[in-house]
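Below you'll find the structure I mean.
Heavy atoms only: backbone and side chains are in, while hydrogens, waters and symmetry mates are out.
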Amino acid sequence: MKVVIVGGVAGGATAAARIRRLDEQAEIVVFERSGYISYANCGLPYYIGDIITDPEALTLQSPENFFSRFRVTMKVHHEVTAIHPNQKCVSVKNLETGEEFEESFDKLLLSPGAKPTQPRLSGMGLDQVFTLRTVEDTFRIKEYIRKKRPKSVVLAGGGFISLELAENLRKLGMEVTIVQQPLQLMTPFDPDMAAFLHAEARKHGIKLALGHTVEGFAEKGGSIEVLLKDKSSLQADMVVLSIGVTPDTHLAKEAGLELGIKGSIVVNDRMETSIPDIYAVGDAVQIKHFVTGQEALIALAGPANKQGRIAADNICGDHSRYTGSQGSSIIKIFDLTAAVTGLNETGASKAGLDADKVFLSPMSHAGYYPGGRVMTMKVIFEKKTFRLLGAQIIGYEGVDKRIDVLATAIRAGVRATELKDLDLAYAPPYSSAKDPVNMAGFLIDNIAEGLLKQWHLEDIPTLPRDGSATLLDTRTEKEYHHGHIDGFVNIPVDELRDRLDELDQSKPVYVICQSGLRSYIACRILTGNRFDCYNFSGGFRLYDAVINDQRLIETATACGMDQ
């Protein structure tokens with residue numbers, strides 16, 4: 001059996017190694033148009049920022065090492081220019097010599113990945129405008145910084161690579177501005193959670209131009225002018241485009257393969273395309289979202305590697321199935337760690353699901369053990385079934401552990417109420433006897449049992465302020481005077497039982513505290529005394545972060561730039 005693989009990075013390299021482990025006699029040829037195979041895309045910003053100093057560390061394998069271990073022929077600087085399904089061969093061009101030839105196959109695996117989205121903008125060919133996707137892109141940016149010593153950069157786009165690059169360039173001493181068309185960074189997170197990411201970026205001197213659209217670039221006195229729609233232009237010494245990726249599927253289209261979302265390659269759960277003996281994996285393929293079952297594009301290294309293994313199994317006659325991705329991902333943003341899995345609230349709404357959520361602010365480990373820090377968790381679930389839909393966590397140490405537990409729970413079909421039953425490891429340096437994941441389960445179970453009724457941030461504009469309800473802040477007087485929502489009266493939770501006569505039992509009570517815990521205790525006191533009580537999910541801490549962020553964005557939109 002002869003297998004030809006187009007693309008030698010995540011999915012392609014994984015598939016090649018797996019095929020060899022399953023079939024020692026197979027002939028395996030991989031064509032990679034760049035000069036590198038099996039490289040770590042996610043590590044590229046850290047090489048630019050001198051966190052990773054050895055360029056060889058970016059490549060997990062060299063073509064020579066891959067051949068030595070697996071007897072796989074890795075041909076770098078070779079671009080497949082056409083696929084001929086009927087003849088079962090591909091046309092190839094050697095990019096170093098210009099030689100063109102055809103390579104036959106019994107099985108063909110496409111792993112072309114995705115390319116940086118490059119809209120038709122003026123000035124795209126300027127020397128100061130870069131994209132970051134390959135090792136070669138990284139070296140070009142690194143060399144430009146070394147030679148030109150730029151003092152400022154505009155990053156177009158606010159996703160994973162852009163934020164990682166922003167941190168690294170900021171640490172090099174550059175003035176960094178992120179321009180993003182949506183009104184938030186990191187759209188896998190909901191806007192309320194993204195507010196914490198915005199605060200961290202601003203804290204470290206990154207300027208945010210949210211809600212702005214880049215229309216083009218122009219050279220101006222040795223610098224680059226970034227033209228914005230309906231706004232004043234920005235000046236910088238260099239620009240990096242990071243506004244997303246587009247499946248690189250022109251070969252598949254020309255060969256007549258069925259295409260899906262954004263021109264991605266349609267595959268079944270065996271990673272088979274619409275043409276027999278042709279498989280496809282990675283960022284170029286359309287898959288099913290594990291939570292919704294709907295078609296989706298999820299460009300992440302983890303799914304690509306799993307798909308490569310599954311395609312290899314099926315090429316070799318096994319029967320592996322890909323069950324979909326839920327988009328589990330994590331990012332370091334200066335001192336913060338932010339992670340997400342499954343659906344966010346926005347995605348659940350778009351999928352037509354009737355979803356609810358809880359917020360909580362637990363410590364990373366036992367409060368009495370030194371060094372614990374608060375994390376912010378948002379857990380999404382289906383209202384009637386309490387099916388766990390997704391989670392977002394922002395904090396410091398321990399974020400990765402909790403998101404992985406929640407990702408596993410989603411995959412295993414654990415209901416949100418059952419999170420309370422998970423038997424998780426505990427020692428004071430690592431967790432609490434009631435782990436944050438358990439605490440999310442307790443909250444959701446209280447909702448299921450009717451012990452907790454919530455109100456949310458989006459309810460603030462419609463709160464009854466005509467005297468028909470009581471708005472109650474149960475924090476201390478000091479906390480209340482430091483900042484509170486207009487119209488809320490202050491009765492600290494520890495004084496509440498002795499001051500119940502100050503409240504009208506015929507009116508519903510909307511309660512808030514700093515994180516949601518004291519207000520829940522207050523609600524139990526009030527409910528036990530026949531009040532109708534609603535607890536604010538997330539507390540004043542969430543309210544303050546989101547409202548301050550919204551004010552800054554509104555001011556920036558009016559003035560043309562975030563400060």
Side-chain angles (χ1 to χ4, degrees), residues 41-46 48-49 113-126 128-134 137-138 140-141 144 150 152-170 174-191 193-195 197-198 200-202 204 206-217 224-229 231 233-248 262 283 297-301 327 329-334 338 340 344 346 553 556-557 560-562:
N41 294 76
C42 300
L44 303 182
Y46 298 99
I48 292 171
K115 56 189 176 183
T117 301
Q118 296 191 36
R120 297 182 182 275
L121 302 175
S122 60
M124 285 295 294
L126 293 172
Q128 303 99 318
V129 179
F130 300 86
T131 59
L132 179 57
R133 183 68 178 174
T134 67
D137 293 337
T138 308
R140 279 193 290 271
I141 293 172
Y144 183 85
S152 59
V153 59
V154 168
L155 304 178
F160 284 92
I161 292 293
S162 184
L163 260 69
E164 290 168 346
L165 192 55
E167 175 181 349
N168 281 278
L169 294 178
R170 189 76 186 116
M174 295 176 65
E175 182 180 295
V176 179
T177 301
I178 298 177
V179 181
Q180 168 86 328
Q181 189 174 31
L183 286 170
Q184 68 166 92
L185 302 175
M186 297 294 292
T187 53
F189 293 81
D190 285 314
M193 295 294 282
L197 307 181
H198 299 167
E200 183 72 5
R202 295 185 185 108
H204 288 87
I206 292 177
K207 296 180 180 179
L208 304 180
L210 304 176
H212 298 300
T213 302
V214 175
E215 288 201 319
F217 310 99
I224 189 88
E225 187 174 19
V226 182
L227 308 175
L228 303 180
K229 183 178 181 180
K231 294 292 177 184
S233 61
L234 303 174
Q235 298 288 130
D237 295 326
M238 63 182 295
V239 170
V240 181
L241 279 177
S242 184
I243 55 177
V245 294
T246 302
D248 191 358
K262 293 184 178 179
D283 296 354
L297 291 179
I298 298 180
L300 293 169
S329 51
I330 191 165
I331 185 172
K332 174 186 177 294
I333 305 173
F334 294 99
V340 62
N344 60 19
T346 307
I553 293 172
T557 302
M561 179 55 59
D562 195 340

Check your understanding: About how many Å separate CD of Glu215 and NZ of Lys229, when rounded to the nearest 0.5 Å?
Key -> 6.5 Å
Review point. Going by heavy atoms in the side chains, are Lys207 and Val176 under 4.5 Å from each other?
Key: no
Practice item. Enter the distance from Ile553:CD1 to His198:NE2 here, rounded to the nearest 0.5 Å. Key: 5.5 Å
Review point. Side chains of Thr177 and Leu155: closer than 4.5 Å at any heavy-atom pair?
Key: no
Review point. Counting only N and O atoms by type, is there a donor-acceptor contact under 3.5 Å from the side chain of Thr138 to the main-chain atoms of Leu44?
Key: no
Review point. Is a side-chain donor or acceptor of Asp283 paired with a backbone partner of Lys115 at a separation under 3.5 angstrom?
Key: no
**Study point:** Lys332/Glu167 salt bridge by N-O under 4.0 Å criterion
**Key:** yes
Practice item. Verify side-chain contact (heavy atoms from CB on, under 4.5 Å) between Met186 and Met193, making sure each step is shown before the conclusion. Key: CA-CA 10 Å; Met186 297 294 292; Met193 295 294 282; over 6 Å; no
Check your understanding: Can you name the nearest heavy-atom pair linking Pro150 to Asp237, along with the distance?
Key -> CB-CB, 3.5 Å
Review point. With side chains defined as the heavy atoms from C-beta onward, is the minimum distance between Pro116 and Leu241 less than 4.5 Å?
Key: no
Point to revise | Step-by-step side-chain contact (heavy atoms from CB on, under 4.5 Å) determination, Leu185 to Ile178 | key: CA-CA 9 Å; Leu185 302 175; Ile178 298 177; 3.8 Å; yes
Review point. So which heavy atom on Phe334 is nearest to which on Ile206, and how close?
Key: CE1-CD1, 3.5 Å
Practice item. Could you give me the CA-CA distance, side-chain angles and deciding distance for Val239 and Val153, then say whether side-chain contact (heavy atoms from CB on, under 4.5 Å) is met? Key: CA-CA 5 Å; Val239 170; Val153 59; 5.9 Å; no
Practice item. To the nearest 0.5 angstrom, please state how far the CD1 atom of Ile243 sits from the CD atom of Gln181. Key: 8.5 Å
Practice item. Test Leu227 against Val214 for side-chain contact (heavy atoms from CB on, under 4.5 Å), laying out the working first. Key: CA-CA 6 Å; Leu227 308 175; Val214 175; over 6 Å; no
Study note, to complete from the structure: For Leu163 and Gly158 the tightest heavy-atom approach is CD1-O, 3.6 Å
Point to revise | Side chain Arg170, main chain His204, donor-acceptor under 3.5 Å | key: yes
Point to revise | Where Leu132 and Pro45 come nearest, the two heavy atoms and their spacing | key: CD2-CG, 4.1 Å
Practice item. Give the minimum heavy-atom separation between Leu297 and Pro247, together with the two atoms involved. Key: CD1-CG, 4.1 Å
Review point. Short question: side chain of Ser162, backbone of Gly157 - any donor-acceptor pair under 3.5 Å?
Key: yes
Exercise for review: Could you tell me which non-hydrogen atom of Glu200 sits nearest to which non-hydrogen atom of Ile333, and how far apart they are?
Suggested key: CG-O, 3.5 Å
Practice item. With rounding to the nearest 0.5 Å, note down the distance linking CG in Asn168 to CD1 in Ile48. Key: 7.5 Å
Practice item. State plainly whether the residues Arg133 and Asp248 are in salt-bridge range, i.e. N to O under 4.0 Å. Key: no
Check your understanding: CE/Met174 to OG/Ser152 distance, rounded to the nearest 0.5 angstrom?
Key -> 6.5 Å
**Study point:** Pairwise side-chain contact, Ser242 with Thr131, heavy-atom cut-off 4.5 Å (strictly under)
**Key:** no
Check your understanding: Do the non-hydrogen side-chain atoms of Leu228 and Thr213 ever get within less than 4.5 Å of each other?
Key -> no
Practice item. Check whether any side-chain heavy atom of Gln184 lies under 4.5 Å from a side-chain heavy atom of Leu197, and answer yes or no. Key: no
Exercise for review: Indicate yes or no: at least one non-hydrogen side-chain atom of Glu225 is less than 4.5 angstrom from one of Phe217.
Suggested key: no
Review point. Can you check whether Val340 reaches Pro188 side chain to side chain, under 4.5 Å on heavy atoms?
Key: yes
